[in-house]
Protein chains: 2
Amino acid sequence: MKSVGIRDVAERAGVSVTTVSHVLNDTPHTRVAEETRVRVRDAARSLGYGPNRMAQALRTNRSGLIGLLSEEIATTPHAGRIILGAQDAAREHDLTLVIINTEREAEGSAHRNDVQALIDRQVDAILYATMYHRQVSLPPNMQGLPAVLIDSTDRAGIVPAVVPDEVGGAIAAVTHLVEAGHTRIGFLNNDDDVPATHLRFAGYRQVLGEHGIPFDESLVASSPSETLPGYALAREMLSRDDRPTALFCYNDRMAMGAYRAAAELGLEIPRDLSIVGFDNQELIAANLFPGLTTVALPHYEMGAWAVETLVHLIHGEAEFRLLADKPTLLHCPLVIRDSVAEPRAN
Amino acid sequence: MKSVGIRDVAERAGVSVTTVSHVLNDTPHTRVAEETRVRVRDAARSLGYGPNRMAQALRTNRSGLIGLLSEEIATTPHAGRIILGAQDAAREHDLTLVIINTEREAEGSAHRNDVQALIDRQVDAILYATMYHRQVSLPPNMQGLPAVLIDSTDRAGIVPAVVPDEVGGAIAAVTHLVEAGHTRIGFLNNDDDVPATHLRFAGYRQVLGEHGIPFDESLVASSPSETLPGYALAREMLSRDDRPTALFCYNDRMAMGAYRAAAELGLEIPRDLSIVGFDNQELIAANLFPGLTTVALPHYEMGAWAVETLVHLIHGEAEFRLLADKPTLLHCPLVIRDSVAEPRAN
DNA sequence: GTGAAAGCGCTAACAG
DNA sequence: CTGTTAGCGCTTTCAC
């Protein structure tokens with residue numbers, strides 16, 4: 001189990017450790033004869049050499065570790081997708097992700113201690129991922145380390161952030177409904193005062209406006225974004241004589257409630273009622289019958305974008321500091337399943 | 001950003017770095033005056049000293065990193081719960097988890113390259129977590145490192161493993177039904193040849209036997225463990241004149257299909273039909289109406305147990321090698337919601 | 001009881 | 001173009 005070191009390679013190649021280091025790291029401003037390079041690389045390969053990251057880290061003061069603080073790792077697959085995106089991007093840059101689960105704090109601010117745990121482990125940078133789009137304030141000990149926010153924005157506007165393009169997603173969803181021929185489109189919204197609530201609503205209104213469909217206040221209702229409240233809202237709205245022919249739901253859970261309401265009222269989806277959700281929670285959207293057409297959140301992409309940005313930040317590329325100004329918006333694609341059809345001819 | 005080192009502490013306390021190291025690490029077989037210890041600790045605290053893990057790692061040849069190879073991190077929250085359990089246990093032992101997502105390989109064996117990536121990062125040990133209970137064979141480069149399997153067993157029987165007590169879970173589920181007064185209990189099983197299929201069935205049969213309920217083959221049906229096949233199975237079984245009064249479903253997705261079948265047939269849950277699922281996928285079980293009573297898989301606990309075991313393995317406690325003999329079974333608790341009631345008096 | 005000093009494996013001046 | 005050498009911050013013999 002004694003591992004091969006740089007000196008073993010040097011010896012085998014008949015050169016000094018310096019040369020080996022230069023060759024293997026492609027150190028700039030250093031000219032090594034091509035013939036030597038080949039000899040070194042061969043030696044390294046035949047010995048199965050791999051650098052000792054701890055020694056490298058100690059020497060360069062760069063651990064190659066990226067800390068990812070994530071909320072609710074164990075609740076939805078959302079965190080998993082962020083992790084996966086971050087992981088894949090990290091691997092590209094030969095970085096290692098260290099993940100710490102953190103509880104959502106009352107203040108909406110990241111936990112100081114969790115950040116410290118990461119700092120104690122010598123991470124080069126920190127990623128902070130929230131489970132839903134919101135504003136956070138960062139603990140003071142996070143200052144000084146490069147950082148990027150995922151699915152949230154910095155209250156102080158100092159740290160670059162990436163969030164889903166909620167408006168765009170809502171536009172895609174409602175446009176899909178309009179293009180299917182719907183004009184009476186209900187919106188079951190969340191009643192929390194979070195960005196998504198307002199932005200998805202804005203997208204809804206925008207599409208109506210663009211298509212000359214008058215905004216009807218009675219077609220918008222809001223409640224907590226859970227299945228049961230969604231059911232209640234849908235049940236009420238669909239019981240009316242002038243019920244909408246389509247429903248845009250704040251999220252897939254509310255859509256699940258709407259499915260139940262529709263079933264109870266004898267409305268067949270999508271024949272009598274079209275529904276579009278938001279979030280693309282596979283477990284729900286793909287298992288409902290019929291499959292729920294919904295808008296996917298770009299979790300994977302946000303994770304990847306964040307690491308990519310971190311790499312630039314670490315390399316000190318000044319222009320990336322500017323990113324903090326405005327959060328970067330990532331596209332939310334529509335995932336088409338079977339819950340939308342043209343409205344039934346009356 | 002120049003961090004305080006052991007020598008700063010030494011200087012401040014008026015002792016040598018050796019003493020500081022001894023005190024801070026509680027190095028055994030080393031006598032340091034109590035008065036000195038206090039002085040050192042005070043100095044460390046007031047300077048905000050924390051050891052440089054990279055230097056420690058280099059010197060001791062122990063990185064304090066544990067590699068976790070996990071399948072399908074982005075699909076269900078199951079992986080998240082394993083990660084959380086492992087994380088919490090790791091923190092107790094001042095260990096850091098490095099997670100790598102790995103694709104399920106055709107052969108059912110862990111990916112060699114993913115293991116190598118972990119080894120290259122100097123992990124002290126490896127955890128391998130599969131997304132469902134099965135047998136795997138380990139890549140050769142995993143030999144030599146302490147390892148523990150989560151939710152799978154080693155084909156070669158060399159590595160300790162922890163899996164859910166499937167039989168016990170099934171027993172809890174079916175017993176719950178029997179105790180509610182059911183005697184005609186259908187079982188919608190998976191048709192894959194995996195351990196859970198056989199073990200859950202065994203639990204089902206065992207409970208029937210224990211309660212003197214004759215086994216009726218016509219009450220057992222199997223299909224792929226998805227919503228739609230579950231629906232089809234339930235629809236057929238519940239259409240019969242002598243339909244069961246309760247259904248035990250292989251997993252929550254199949255139970256979701258059974259809910260739909262029941263609704264279509266005008267059977268109200270739990271009044272006309274009781275249902276118990278398996279897996280406790282919150283997104284499904286808690287959002288169905290009524291809430292689905294189901295059996296939880298001990299993902300968190302398996303993650304924690306695995307790290308705990310790894311720690312013993314790393315410390316070379318011989319008796320823990322014996323664990324490889326038989327996988328450790330962890331309890332699957334019943335999660336009671338609202339889908340079970342006594343059978344309706346005919 | 002306490003301290004001096006030798007490295008862990010690597011990188012990066014600097015010299016040749 | 002290549003080699004010598006001084007540490008990075010820590011642990012650990014060994015001597016005092």
Side-chain angles (χ1 to χ4, degrees), chain A residues 1-41 43-44 47-65 94 96 119-124, chain B residues 1-41 43-44 47-65 94 96 119-124:
Chain A
M1 195 57 200
K2 70 170 306 308
S3 67
V4 304
I6 198 176
R7 49 202 323 139
D8 300 303
V9 178
E11 198 171 323
R12 171 83 106 111
V15 297
S16 75
V17 294
T18 307
T19 307
V20 174
S21 177
H22 285 164
V23 170
L24 263 25
N25 295 319
D26 281 320
T27 314
H29 311 307
T30 191
R31 259 158 299 285
V32 177
E34 188 52 40
E35 190 241 336
T36 313
R37 307 186 96 92
V38 173
R39 208 143 32 86
V40 170
R41 277 197 251 271
L47 290 173
Y49 169 79
N52 179 322
R53 315 282 286 237
M54 299 303 150
Q56 264 179 324
L58 179 58
R59 187 59 236 242
T60 61
N61 202 25
R62 293 281 230 61
S63 65
L65 258 31
D94 209 25
T96 303
I119 293 176
D120 287 345
R121 281 168 175 73
Q122 264 79 49
V123 297
D124 292 336
Chain B
M1 196 55 203
K2 69 169 310 302
S3 65
V4 305
I6 196 176
R7 48 200 324 139
D8 300 304
V9 178
E11 199 171 323
R12 172 82 107 112
V15 297
S16 74
V17 294
T18 308
T19 306
V20 174
S21 176
H22 285 163
V23 171
L24 263 25
N25 295 318
D26 280 319
T27 313
H29 311 308
T30 191
R31 259 158 301 283
V32 177
E34 187 52 38
E35 192 241 334
T36 314
R37 305 187 97 94
V38 173
R39 208 143 32 87
V40 169
R41 278 197 250 271
L47 289 173
Y49 170 79
N52 180 321
R53 315 284 287 238
M54 299 303 149
Q56 264 179 324
L58 179 58
R59 187 58 235 244
T60 61
N61 203 25
R62 293 281 230 61
S63 64
L65 260 29
D94 208 25
T96 303
I119 293 175
D120 287 346
R121 281 168 174 72
Q122 264 80 48
V123 297
D124 293 336

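Numbers restart at 1 for each chain; the letters A, B, ... are given by sequence-line order, proteins then strands.
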Peer 1: Let me know, please, whether A/Thr27 or B/His22 comes out on the 5' side of the other along DNA chain C by nearest nucleotide.
Peer 2: B/His22
Peer 1: Of the nucleotides C/dG3, C/dG9, D/dT4, which has the atom closest to the B/Val15 side chain?
Peer 2: C/dG3
Peer 1: Please report the distance, rounded to the nearest Å, between CZ in B/Arg53 and P in C/dG9.
Peer 2: 20 Å
Peer 1: If you find the nucleotide of DNA chain C closest to B/Ser16 and the one closest to A/Asn52, which residue's nucleotide is nearer the 5' end?
Peer 2: B/Ser16
Peer 1: Kindly give the heavy-atom pair with the smallest separation between B/Val4 and B/Leu47, and that separation in Å.
Peer 2: CG1-O, 3.6 Å
Peer 1: Below 4.0 angstrom from OP1 or OP2 of D/dG3, is there any side-chain N or O of A/Thr19?
Peer 2: yes
Peer 1: Hey, does B/Thr36 reach any base, or is it just sugar-phosphate, or nothing, if we go heavy atoms under 4.0 Å?
Peer 2: sugar-phosphate
Peer 1: Looking at D/dG9, D/dT11, D/dT5, which one has an atom nearest to any side-chain atom of B/Leu58?
Peer 2: D/dG9
Peer 1: Do any side-chain nitrogens or oxygens of B/Asn25 fall under 4.0 Å of OP1 or OP2 in D/dT11?
Peer 2: yes
Peer 1: Using atom CG of A/Asp26 as one end and atom P of C/dC10 as the other, report the distance to the nearest whole Å.
Peer 2: 17 Å
Peer 1: Heavy-atom distance under 4.5 Å between the side chains of B/Met54 and A/Leu65, does that happen here?
Peer 2: yes
Peer 1: Report the residue (B/Pro51 or A/Gly14) whose heavy-atom-nearest nucleotide on DNA chain D is the more 5′ of the two.
Peer 2: A/Gly14
Peer 1: Using atom CZ of B/Arg7 as one end and atom C1' of C/dG3 as the other, report the distance to the nearest whole Å.
Peer 2: 13 Å
Peer 1: Taking atom C1' of C/dT2 as reference, at what distance in whole Å does atom CD of B/Glu35 sit?
Peer 2: 13 Å
Peer 1: Among D/dG3, C/dC10, D/dC10, which is the nearest nucleotide to the side chain of B/Arg59?
Peer 2: D/dC10
Peer 1: From C/dA4, C/dT11, D/dT2, pick the nucleotide closest to the side chain of A/Ile6?
Peer 2: C/dT11
Peer 1: Would you say a side-chain N or O of A/Gln56 is under 4.0 Å from OP1 or OP2 of C/dG9?
Peer 2: no
Peer 1: Using whole Å, report how far CG of A/Leu47 lies from P of C/dG9.
Peer 2: 15 Å
Peer 1: Side chain of B/Ala55 only, please: which of C/dC10, D/dC10, C/dT2 is the nearest?
Peer 2: D/dC10
Peer 1: What is the nucleic acid contact for B/Thr60, judged by heavy atoms within less than 4.0 Å: base, sugar-phosphate only, or nothing?
Peer 2: sugar-phosphate
Peer 1: Among C/dT2, C/dC10, C/dA4, find the nucleotide with the atom closest to the side chain of B/Thr18.
Peer 2: C/dA4
Peer 1: Could you state the interatomic distance from CD (B/Glu34) to CZ (B/Arg39), rounded to the nearest 0.5 Å?
Peer 2: 11.5 Å
Peer 1: To the nearest Å, give me how far apart NE2 (B/His29) and P (D/dT13) are.
Peer 2: 11 Å
Peer 1: In whole angstrom, give the distance that lies between atom CZ of B/Arg62 and atom P of C/dG9.
Peer 2: 16 Å
Peer 1: Spell out, as yes or no, whether a donor-acceptor pair under 3.5 Å connects the side chain of A/Thr60 to the backbone of A/Gln56.
Peer 2: yes
Peer 1: Hey, is the main chain of A/Gln122 close enough, under 3.5 Å, to the side chain of A/Ser63 for a donor-acceptor pair?
Peer 2: yes
Peer 1: Whole Å only: how far is the CG atom of A/Asp8 from the P atom of C/dG9?
Peer 2: 9 Å
Peer 1: For a quick test of reading the model, state the closest non-hydrogen atom pair linking B/Val40 to B/Val9 and the distance between them.
Peer 2: O-CG1, 3.9 Å
